[in-house]
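Here is the structure we will look at, set down as structure tokens.
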Amino acid sequence: MLSRLRRLRRDTTDLLLSAVGQVLCLAALFFPAACLRALLILLGGLVGCLVGPQGLGGRGAHLRSWCSARWAWGALWGRNLATLLGAEESLAVSGWSGPDGALESLSPASGAVVLAAHAGAWERGVRELAKRGLRPLVVVAPWPHLPRTQRLVARLRARAGVKTVTRGFAGWRVAVEHLGQGSAVVFLIDSTLPGRRGRRALPFVAWSIAAPDAAVAWAARQGAALWVATAQEGGFHLQVLRCADGSMDAAQQDMNCPQRQLADRSVALLREAIERLPRAWAWVRPMAILCIALPFLLLSCAPLQSVPMLPTDPQQWTLEAEAVRWTGYLESSMQVTFSANRLR
């Protein structure tokens, strides 16, 4: 009975989110793009002020900066949602042309592997790759218990020529075929958990993420260019990662440029960019926790005021929750299960 109730809660959340998405798709048919984008940024900012993570303004921040940070966090989600619905905005991309630019490193026969994070206008960024003829494919983590919502997002991306696959054997097979056609394959690596299947943990902004060793090694085997897309004011910067001799040849990889060095460098570049512009990061793990808590709110299993406000600045943070049961992995590769009426 309990498992059936949990399944009902998850289905309710999925149905609600997908229904809201369908309503927004309908609204996009009648609203001008500029009005729709302004409306979604406004709504996102208001929601961010109401339920946004409380650590955004930093410790001891004044009320004005605290509200401003929460507004910026919510507006970031609204801006990316507007892009999904077709209300795009201008985007500046640096590092594309020039002798050391991304275009010069691109081979029509092998494509490019792009490592990025949920920072800045990431949805607009992949659309920009599509406009430049790279037919991007985004490899994403599966959305737990939200299949309808995930399919809706994939359809909205497909309208702009962006393909989406989930991680796993089937996703890798599609990505291999896609890369072989000279296209771009994008990995959003800030949502990858360490500790599974021998993944290395690397420090990020507020937690550790899994090192993109597999993506880097795969790019080397395929002879593809390796780019890191870091967010900056008004757009992105494309950084080309090269070995010491300027190559990405797999036969020379162990001798001249260990793959771990490239993986570590990519994570460091993304982390440094977010630390320079912390409000441009979407903090996907707090968002995931909010999605998990949403079914409890919808069915009145917990009052709204009891949902913890999650801090999202790169500092230590604590969490209080009620009626918690969790199964997963720790960084030490141990799988644990615990349940409690109250957790702090």
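Worth saying up front: this structure is predicted, and the values here are computed from it rather than measured.
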Taking the side chain as C-beta and beyond, is there a heavy-atom pair between Leu277 and Gln232 under 4.5 Å?
no
Minimum side-chain heavy-atom gap Leu26-Leu29 below 4.5 Å:
yes
Write down the atom of Arg279, the atom of Ala72, and the distance for their closest heavy-atom approach.
CD-CB, 4.1 Å
Please name the pair of heavy atoms, one in Ser183 and one in Leu179, separated by the smallest distance, quoted to 0.1 Å.
O-CD1, 3.5 Å
Can you tell me how far apart CH2 (Trp218) and CG (Leu226) are? Round to the nearest 0.5 Å.
11.0 Å
How far does CD of Gln239 sit from CG of Asp100, to the nearest 0.5 angstrom?
9.0 Å
Flag the pair Gln222 / Val113 as yes when at least one side-chain heavy-atom distance between them is below 4.5 Å, and no otherwise.
no
Same cluster or not: Ile41 versus Leu24, using hydrophobic residues (I, L, V, M, F, W, Y) connected whenever any side-chain heavy atoms lie under 4.5 Å apart?
no
Centroid-centroid distance, Phe236 to Trp227, less than 6.0 Å
no
Is the shortest distance from a Lys or Arg side-chain nitrogen in Arg79 or Glu123 to a carboxylate oxygen in the other one below 4.0 Å?
no
Check for a donor-acceptor pair, side chain of Arg124 on one end and backbone N or O of Glu89 on the other, with a separation under 3.5 Å.
yes
Note: Arg37 and Ala82 closest approach over all heavy atoms is CA-CB, 3.9 Å
How far apart are the closest heavy atoms of Ser94 and His237, and which atoms are they?
OG-ND1, 2.8 Å
Main-chain N/O of Gly161 paired to Arg127 side chain as donor or acceptor, under 3.5 Å:
no
At their closest point, which heavy atom of Ala117 faces which heavy atom of Ile274, and how far apart are they?
CB-CD1, 4.4 Å
Student check: side-chain heavy atoms of Trp71 and Leu76 closer than 4.5 Å:
no
Are side-chain heavy atoms of Val267 and Arg200 found at a separation under 4.5 Å?
no
Are Glu128 and Arg132 close enough for a salt bridge, meaning some N to O gap below 4.0 Å?
yes
Under a 4.5 Å cut-off applied to non-hydrogen side-chain atoms, are Val205 and Pro278 in contact?
no
Given Trp281, which of Trp73, Trp207, Trp77 fulfils the ring-ring contact (aromatic ring centres under 6.0 Å, His included) condition?
Trp207
Cluster question for you: counting only ILVMFWY and a side-chain heavy-atom cut-off of under 4.5 Å, with indirect links fine, are Phe31 and Leu85 together?
yes
Could you give the distance from CG (Leu152) to CZ (Arg155), rounded to the nearest 0.5 Å?
5.0 Å
Between Asp14 and Thr149 (side chain of the first, backbone of the second, donor and acceptor by atom type, cut-off under 3.5 Å), is there such a pair?
yes
Side chains of Ile209 and Thr192, heavy atoms from C-beta outward: is any pair under 4.5 Å?
no
Mark yes or no for whether Asn80, through its side chain, and Trp122, through its backbone, hold a donor-acceptor pair below 3.5 Å.
yes
Between CG on residue Leu103 and CG on residue Leu238, distance to nearest 0.5 Å
10.5 Å
Does one hydrophobic cluster hold both Val176 and Val216, with members joined at side-chain heavy-atom distances below 4.5 Å?
yes
Could you check whether any side-chain heavy atom of Thr164 comes within less than 4.5 Å of a side-chain heavy atom of Val153, counting everything from C-beta outward?
no
Does Arg135 reach the main-chain N or O of Gln181 with its side chain, forming a donor-acceptor pair under 3.5 Å?
yes
Considering all heavy atoms, the nearest Ala175-Val185 contact
O-CG2, 3.9 Å
Donor-acceptor under 3.5 Å (Arg199 side chain, Pro194 main chain)
no
